[in-house]
Amino acid sequence: PGDRVLASVRAYREERRGNSKWANMAAFSEATSMFRFRSIPSLTITTDYVIVCATGRYRIVSAEDVRGKGRYWECWCELAERMASQ
């Protein structure tokens, strides 16, 4: 079938790098990107979802409510499909 859009939001995206932050995330070795975005009140993010942006489709490997305050979500993702060049 097709995708069902749950929300359209702006997000901060960080690609995998060789810095200490990524080195400490060995548990998420398959993750290629990290997304951080504001929480949406009635929506809980799970690993069943994907994130679609201009660069591709990303499968969520881990989703966490940052500091448990309900303000931001941090999702560690792996690239599932690269978008065609425009």
Side-chain angles (χ1 to χ4, degrees):
D3 291 334
R4 191 173 106 210
V5 178
L6 299 177
S8 292
V9 298
R10 288 189 298 177
Y12 167 77
R13 181 174 64 97
E14 181 178 307
E15 289 291 320
R16 181 177 207 131
R17 293 193 173 92
N19 62 17
S20 60
K21 179 179 180 179
W22 282 92
N24 292 333
M25 300 305 293
F28 305 113
S29 60
E30 67 268 20
T32 56
S33 294
M34 185 271 299
F35 290 85
R36 186 175 300 128
F37 50 90
R38 280 186 142 327
S39 293
I40 299 167
S42 59
L43 183 63
T44 301
I45 308 300
T46 70
T47 56
D48 296 331
Y49 299 143
V50 295
I51 295 175
V52 180
C53 67
T55 58
R57 295 173 60 85
Y58 293 84
R59 183 180 65 82
I60 297 175
V61 176
S62 172
E64 178 182 338
D65 177 3
V66 177
R67 295 185 182 137
K69 294 185 176 183
R71 292 184 182 168
Y72 293 93
W73 281 95
E74 193 169 81
C75 297
W76 297 87
C77 305
E78 74 173 323
L79 182 64
E81 178 183 343
R82 188 167 301 281
M83 292 295 187
S85 297
Q86 296 180 4

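Computed from a predicted structure; not experimentally measured.
The structure places CZ of R59 at 14.0 Å from CD of E81, a figure rounded to the nearest 0.5 Å. Between the CH2 atom in W76 and the CE atom in M34 there is a gap of 5.0 Å [rounded to 0.5 Å]. Once rounded to the nearest 0.5 Å, the distance linking CZ of R67 with CD of E74 reads 9.5 Å.
Of all heavy-atom pairs spanning V50 and R57, the tightest one is CG2-NH2, 3.6 Å.
Between the side chains of Y12 and E14, a donor-acceptor pair is found at a separation under 3.5 Å.
Grouped with I40 in one hydrophobic cluster are L6, V9, F35, F37, L43, I45, Y49, I51, Y58, I60, W73, L79, the linkage being side-chain heavy-atom contacts under 4.5 Å among Ile, Leu, Val, Met, Phe, Trp and Tyr residues.
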